[in-house]
Amino acid sequence: MRTLLILLLLTAAPALAQTPDDTEVEVTSTDQAVDIEPGLADGRIAERIAQILDATGWYSDASVRVNDSIAFLDGTTTTTERKTWARDLAAKTTGVVAVVNRIEVEHAVELTIDPAVREVRVLKDQLLGALPSIALALLILPLAWFAARLVRHILSWSLRGRTRSPFIADILARLGALPVLLLGLYLVLQIAGLTQLALSVVGGAGVLGIVIGFAFRDIAENFLASLLLSLRQPFARGDIINVAGQSGVVHSMNTRSTVLVSVEGNHIQIPNATVFKSIIENITAVPRRRGELDLGIGYDAAISDVQRIVDAVLSAEPGVLKHPEPMVLADTLGASTVNVKIYYWFDGAQISPLKLRSALVRQIKQTLMDAGISMPDEAREIIFPEGIPLQQGSGPAPVPEPAPKEGRSEMDDDLSAEDDLEEQMQVPIEGSNDTDLLR
């Protein structure tokens with residue numbers, strides 16, 4: 001029974017001795033046993049251990065009791081090392097087979113800056129030791145940077161003319177120069193002895209990259225869209241396009257947005273992701289374009305005569321293409337007019353659609369008026385070009401003489417608002433502070 005109690009006390013003693021420590025004290029113990037006269041009573045052993053503890057001055061209210069060669073230590077001290085030293089002292093004393101260490105550790109609060117001073121000194125020593133590595137890093141990193149720029153310029157020069165998009169050539173040049181810069185960074189970390197740290201940073205960069213990817217998802221999406229638009233090139237600088245409900249002349253495209261200039265001269269920036277996912281209508285991609293006019297004639301006019309007259313006007317206009325041939329087709333029967341659709345084709349790269357439309361409207365209107373074709377206002381006015389005949393009594397109504405036309409005919413003008421039908425870009429597109437990917 002006594003042996004079992006001793007084993008239980010030996011098992012519990014280390015657990016009772018585990019206490020936090022925040023005061024640094026150098027404690028020294030010896031493996032030499034403390035000799036006393038063998039066969040002494042438990043009281044003599046306890047008295048000897050107590051004398052030694054009192055002599056150190058490390059313990060308060062220290063008491064030692066020995067019962068059946070088991071030493072029980074009580075009291076308080078300031079550090080765990082001193083508590084452990086008392087236990088070792090009792091364990092090395094002759095006649096003690098087990099120690100129950102019940103000394104409590106009371107941490108004293110000391111207002112001192114000594115720990116901070118020690119840390120500053122350690123940092124200073126580490127900095128002085130790292131000065132050669134820092135100097136070497138300051139030499140290698142700039143060399144790696146300039147070498148990467150040189151490789152980039154060489155790759156850009158070699159790819160010039162081999163890719164349709166300058167943006168793609170720039171991306172490939174940057175990717176080719178990146179390993180040179182990474183090699184210089186690896187050499188710096190290797191010299192500094194931070195290779196394992198670099199691997200840890202790279203491992204953490206994967207998680208950080210996912211977080212940054214979600215945070216800057218729109219920026220990454222627009223960048224990838226600009227890359228795909230540069231590859232496919234659905235439009236070029238100076239093209240007139242309709243996209244995402246906006247229309248204008250393509251001014252430039254950067255890594256974030258496509259810039260249009262409206263006919264009013266306003267800059268419209270559309271995110272590249274929106275441009276890539278939207279329907280793009282490139283008006284100037286194909287030079288041959290079709291225009292159309294609406295014409296309302298009176299019910300008293302012959303549609304075939306109107307078709308012949310309008311077709312003659314279209315054929316005489318040099319801005320209208322002969323192939324495909326223009327068409328003059330009856331469309332609908334309105335409330336007071338027969339509506340006619342006029343279709344014609346022109347070279348959109350050379351001819352201004354607005355000027356050509358204006359010239360055709362002016363010529364068709366004057367020609368129809370000269371031919372006596374009525375063009376009444378829709379549902380509000382009916383024109384009787386020959387007047388309203390009045391009959392008095394019996395007999396046929398007199399036929400009124402046509403009144404002479406007064407005023408100046410529009411065809412008499414040698415000059416008109418459309419004196420030059422050539423396309424003239426009215427929207428300035430030069431000048432851009434952005435990196436134009438369409439150059």
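For reference, positions follow the sequence shown, starting with 1.
Asn242 and Gln246 form no side-chain donor-acceptor contact under 3.5 Å, judged by distance and modelled atom types alone.
The side-chain heavy atoms of Pro326 and Tyr343, taken from C-beta on, include no pair separated by under 4.5 Å. Looking at heavy atoms from C-beta onward, Thr337 lies out of side-chain contact with Ile297 at the 4.5 angstrom threshold. Contact check for Val243 versus Glu281: no side-chain heavy atoms found under the 4.5 Å cut-off. Between Leu360 and Glu317 the shortest side-chain heavy-atom distance falls below 4.5 Å. Between Val100 and Leu73, every side-chain heavy-atom pair lies at or beyond the 4.5 Å cut-off. Within the 4.5 Å cutoff, the side chain of Arg237 has no heavy atoms near those of the Met253 side chain.
Looking at residues two or more places apart in sequence or on another chain, you find no side-chain contact (heavy atoms from CB on, under 4.5 Å) involving Asp61. Partners of Thr76 by side-chain contact (heavy atoms from CB on, under 4.5 Å), not counting sequence neighbours, listed by chain and number: Ser60, Glu104, Glu106. Residues passing the salt bridge (charged side-chain N to carboxylate O under 4.0 Å, His left out) test with Glu221, sequence neighbours excluded: Lys277. Under the rule for a side-chain contact (heavy atoms from CB on, under 4.5 Å), the partners of Ala177 that lie at least two apart in sequence or sit in another chain are Ala148, Val151, Arg152. For the side-chain hydrogen bond (donor to acceptor under 3.5 Å, both in side chains) test, residues two or more places apart in sequence or in another chain that qualify with Asp239 are Asn282, Thr284. Here Asp347 pairs with nothing under the salt bridge (charged side-chain N to carboxylate O under 4.0 Å, His left out) rule; sequence neighbours left out. With sequence neighbours excluded, the residues forming a side-chain contact (heavy atoms from CB on, under 4.5 Å) with Val122 are Gln126, listed by chain and number. Among residues two or more places apart in sequence or in another chain, the salt bridge (charged side-chain N to carboxylate O under 4.0 Å, His left out) test is passed with Arg357 by none. Not counting sequence neighbours, the partners of Arg290 by the salt bridge (charged side-chain N to carboxylate O under 4.0 Å, His left out) test are Glu292. Residues that satisfy the side-chain hydrogen bond (donor to acceptor under 3.5 Å, both in side chains) test with Thr77, not counting sequence neighbours, are absent from this structure. Listed by chain and number, the residues in a side-chain hydrogen bond (donor to acceptor under 3.5 Å, both in side chains) with Thr332 are Asn339 (sequence neighbours excluded).
Judged by distance alone, the side chain of Glu264 and the main-chain N or O of Asn266 form no donor-acceptor pair under 3.5 Å. In this structure a side-chain-to-backbone donor-acceptor pair under 3.5 Å is present from Asn222 to Asp218. Checked by atom type and distance alone, the side chain of Asn272 never pairs as donor or acceptor with a backbone atom of Ala225 at under 3.5 Å. Without hydrogens or angle criteria, Ser226 side chain to Phe223 main chain gives a donor-acceptor distance under 3.5 Å. Between the Arg289 side chain and the Gly348 main chain, no donor and acceptor come within less than 3.5 Å of each other. Within the 3.5 Å criterion, the main-chain N or O of Thr274 finds a donor-acceptor partner in the side chain of Ser278. A donor-acceptor pair under 3.5 Å links the side-chain atoms of Ser158 to the main chain of Leu155, judged by distance alone.
Among the candidates Ile270, Ile240, Val249, the single residue satisfying the side-chain contact (heavy atoms from CB on, under 4.5 Å) test with Leu260 is Ile270.
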Are Met327 and Ile342 close enough, and set up right, to give a side-chain contact (heavy atoms from CB on, under 4.5 Å), and what steps lead you there? CA-CA 6 Å; Met327 295 184 299; Ile342 304 172; over 6 Å; no
Candidate pair Leu53 and Trp58, rule side-chain contact (heavy atoms from CB on, under 4.5 Å), full reasoning: CA-CA 7 Å; Leu53 296 180; Trp58 292 346; over 6 Å; no
Under the side-chain contact (heavy atoms from CB on, under 4.5 Å) rule, what do Val261 and Val250 come out as? Steps first, then yes or no, please. CA-CA 7 Å; Val261 180; Val250 178; over 6 Å; no
Step-by-step side-chain contact (heavy atoms from CB on, under 4.5 Å) determination, Tyr59 to Ile103: CA-CA 9 Å; Tyr59 306 93; Ile103 297 177; 4.2 Å; yes
Under 3.5 Å, side-chain donor or acceptor atoms of residues 302-311 against the rest of the protein: list the pairs with distances, not counting sequence neighbours.
residue	atom	partner	partner atom	Å
Gln307	NE2	Val328	O	2.9

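Residue-environment remark: OH (Tyr299) exceeds the threshold of 12 foreign heavy atoms within 6.0 Å.
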